[in-house]
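Side chains are part of it too, since the values below use all heavy atoms of this structure and drop only hydrogens, waters and symmetry mates. One is the number of the first residue; the rest follow in order along the sequence.
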Amino acid sequence: MLKQDTSFDQCIKCTVCTVYCPVAKANPNYPGPKQCGPDGERLRIKSAEFYDDMLKLCTNCKRCETACPSGVKIGDMIAVARSKHAKHDLNIKTIRDFVLSHTDLMGSVATPFAPIVNAITGFKPVKKIMHKTIGVHDHKTLPKYSHGTFRQWYKKHCQNQTKYSQQVHYFHGCYVNYNNPQLGKDFIRVMNAMNIGVQLLDKEKCCGVPLIANGFFDKAKKNALLNTQSFEAVIEKYNSTIVSTSSTCAFTLREEYPHVLKIDNAKVADRIEYVTRFLLKAFMNGNTPKLKPLNKKVVYHTPCHLERTGGSLYTIELLKMIPGLDLEILDSQCCGLAGTYGFKTENYDTSMKIGEDLFQKIRHAKADYAITDCETCKWQIEENTDLTTIHPVSLLAMALAD
């Protein structure tokens, strides 16, 4: 039985969470993680009237939890408080939040008509209208859809995956399925070069993080329950590892399900791995694909959720194994986009202020590529630096010796 989080008792009021919070630095209206998290939780337990709607300014980046010396789940407290107390007023911005967060629904509708949808959402007059009506900032470009999904491609091209002696199951997520199937293709290339076959889950839904961020907790719980049941089935039947190429998806599937959505994933959590951790372990055990020199300069940005798990070490060490690579590891702070947060008109200025230092570092680096593990970091970096930004797995795929 999952119990109520009472880790606020461990808070020693050192305020280091507020020092590390990117929103508190950029937006004076945000009370900060200490006040919204452990301090606020003590009051909210007494009475719901102490709930403050300013909690919606939290980006759920988890940097407060990364910094906390006492292990207080500050970001989780804020998210749970929003699930209990925040109200969805029926207005035009609720429609915006629905569209931004229901990624499976919107992807299924958009991918068959991707060229048309992409042209319409990128058209300046349309962006101006969205800015004035639903509150999507007109300086933002909505993510482009692929014409056809990754799952459709997989069914046509990957019938031979069972020939490999080792198998993994791939949680591709919404981004790979609807926006960037190429990353899924690169993942399969790398796995196959290591004599590992890739299987898809029979059923998979969005991990739930955009639903959590936009207040659609009931839908997020339904997705979490379906995904957890799918994981349990493949582990029981195949004793398989579930690998994700999204640092945020992997974090959500493992950590957010029990702590925020109250879905018991104890049977599967340890079998869910972010891809660079899985790959580095395989490389260090001798299963390294043949790599050719890749004479490129790259800068690496650590996403917030990967830093929360300590997983950036695996990505960095993996990148160091690519011959000929000139790697610069940035002293990264949050990029500012935070999933759907930075698309919203009311958050745009805060988002840009948070990310500006990162953008300047990348512009000055004069690199061939920026590398990051997070899809929304990719969108933010490319939009604000004009530097092509790719996933570590795609860089590995480029280095494979044919």
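- We find the OG-NE2 distance between Ser230 and His169 to be 10.0 Å, quoted to the nearest 0.5 Å.
- In this structure, Tyr369 and Thr389 have side chains that are not in contact, with every pair of non-hydrogen atoms separated by 4.5 Å or more.
- Under the 6.0 Å distance and 45° angle rule, Arg277 counts as a cation-pi partner of Tyr314.
- Heavy atoms of other residues, nucleotides or ligands lying less than 6.0 angstrom from CG of Asp218 number 12 at most.
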Check: Under the side-chain contact (heavy atoms from CB on, under 4.5 Å) criterion, do Leu57 and Thr350 qualify, and how do the steps go?
Finding: CA-CA 10 Å; Leu57 296 178; Thr350 298; over 6 Å; no
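- Heavy-atom neighbours of Lys297 NZ from other residues, nucleotides or ligands within 6.0 Å: above the threshold of 12.
- With no hydrogens or angles considered, no side-chain donor-acceptor pair links Glu307 and Ser332 at under 3.5 Å.
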Margin query: Before you tell me yes or no, could you show the steps for Asn177 and Tyr154 under side chain to side chain donor-acceptor pair (under 3.5 Å), namely the whole-Å CA-CA distance, both residues' side-chain angles and the distance that decides it to 0.1 Å?
Written below: CA-CA 10 Å; Asn177 200 35; Tyr154 179 92; over 6 Å; no
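- Aromatic pair Tyr170/Phe187: ring centres closer than 6.0 Å.
- Shown here is Lys132, whose NZ atom has no more than 12 heavy atoms of other residues, nucleotides or ligands within 6.0 Å.
- Taken to the nearest 0.5 Å, the SG atom of Cys377 stands 7.5 Å off from the CG atom of Leu337.
- Between Met191 and Val168, the shortest heavy-atom distance links the atoms SD-CG2, 4.3 Å.
- At most 12 non-hydrogen atoms from other residues, nucleotides or ligands lie less than 6.0 angstrom from NZ of Lys205.
- Counting only distance, with no hydrogens or angles, the side chain of Asn287 and the backbone of Met194 share a donor-acceptor pair below 3.5 Å.
- Atom CD1 of residue Ile362 and atom CG of residue Asp386 lie 11.5 Å apart, to the nearest 0.5 angstrom.
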Item checked: Check against salt bridge (Lys or Arg N to Asp or Glu O under 4.0 Å), Lys353 and Asp349 -> CA-CA 6 Å; Lys353 190 173 181 181; Asp349 290 342; over 6 Å; no
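- Sparse packing is recorded around NZ of Lys155, with 12 or fewer heavy atoms of other residues, nucleotides or ligands lying under 6.0 Å away.
- Residues Ser244 and Ala250 approach most closely at OG-N, 3.9 Å, considering heavy atoms.
- Counting heavy atoms from C-beta outward, Leu395 and Asp186 have side chains that stay 4.5 Å or more apart.
- Side-chain atoms of Glu382 and Leu387, non-hydrogen and from C-beta on, never get closer than 4.5 Å to each other.
- Ring geometry for Phe343 versus Trp379: interplanar angle over 60°, hence perpendicular rather than tilted (30 to 60°).
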Checklist line | Trace of the side-chain contact (heavy atoms from CB on, under 4.5 Å) decision for Asn239 with Arg271 | finding: CA-CA 9 Å; Asn239 193 29; Arg271 304 300 296 274; 3.1 Å; yes
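- Ring-plane geometry between Tyr348 and His137 is classed as parallel, the angle between the planes falling under 30 degrees on a 0 to 90 degree scale with a further cut at 60.
- At a threshold of 4.5 Å between non-hydrogen side-chain atoms, the residues Trp153 and Ile188 count as touching.
- At a threshold of 4.5 Å between non-hydrogen side-chain atoms, the residues Cys249 and Tyr274 do not count as touching.
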Next item on the list: Go through Asp76 and Glu256 one step at a time and tell me if the side-chain contact (heavy atoms from CB on, under 4.5 Å) criterion holds.
Entry: CA-CA 8 Å; Asp76 289 352; Glu256 301 275 67; 3.1 Å; yes
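- With salt bridges taken as basic N to acidic carboxylate O contacts below 4.0 Å, one links Glu346 and Arg96.
- Within the model, atoms CD1 of Ile329 and CD1 of Ile371 stand 12.0 Å from one another, a figure rounded to the nearest 0.5 Å.
- With salt bridges taken as basic N to acidic carboxylate O contacts below 4.0 Å, none links Lys378 and Glu375.
- Between Asp97 and Lys93, none of the side-chain N atoms (NZ, or NE/NH1/NH2) sits under 4.0 Å from a carboxylate O, so this pair counts as no salt bridge.
- The shortest distance between side-chain heavy atoms of Leu55 and Arg44 falls below 4.5 Å.
- For the residue pair Pro392 and Thr315, the shortest heavy atom distance occurs at CG-CG2, 3.6 Å.
- The number of heavy atoms from other shown groups lying within 6.0 Å of CD1 (Ile116) does not exceed 12.
- Counting heavy-atom neighbours within 6.0 Å of Tyr20 OH, excluding the residue itself, gives a total of 12 or less.
- The two residues Ala338 and Thr59 come nearest to each other via the heavy atoms CB-CB, 3.5 Å.
- One N or O on the side chain of Arg82 and one on the backbone of Ala213 form a donor-acceptor pair closer than 3.5 Å.
- In terms of modelled atom types and a separation under 3.5 Å, the side chain of Asn179 and the main chain of Lys144 share a donor-acceptor contact.
- With no hydrogens or angles considered, a side-chain donor-acceptor pair links Lys62 and Asn60 at under 3.5 Å.
- By the salt bridge (charged side-chain N to carboxylate O under 4.0 Å, His left out) test, Lys56 is found to be paired with Asp53, residues two or more places apart in sequence or in another chain being considered.
- Heavy atoms from other residues, nucleotides or ligands lying under 6.0 Å from CZ of Phe50 number more than 12.
- Separation of atoms CZ (Phe123) and CE (Met130) is listed at 12.0 Å; rounding is to 0.5 Å.
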Item checked: Derivation and outcome, side-chain contact (heavy atoms from CB on, under 4.5 Å), residues Met77 and Val80 -> CA-CA 5 Å; Met77 280 179 200; Val80 170; 6.0 Å; no
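- The shortest distance between side-chain heavy atoms of Phe171 and Val243 does not fall below 4.5 Å.
- The two residues Ile235 and Ser240 come nearest to each other via the heavy atoms CG1-O, 3.6 Å.
- For Glu356 and Arg363, the salt-bridge test passes: some basic side-chain N is under 4.0 Å from an acidic carboxylate O.
- Side-chain atoms of Gln333 and Ile354, non-hydrogen and from C-beta on, never get closer than 4.5 Å to each other.
- In plain terms, the two heavy atoms of Met54 and Asn29 that are nearest each other are CE-O, 3.0 Å.
- Using a 4.0 Å cut-off between charged side-chain N and carboxylate O, Arg308 and Glu255 make no salt bridge.
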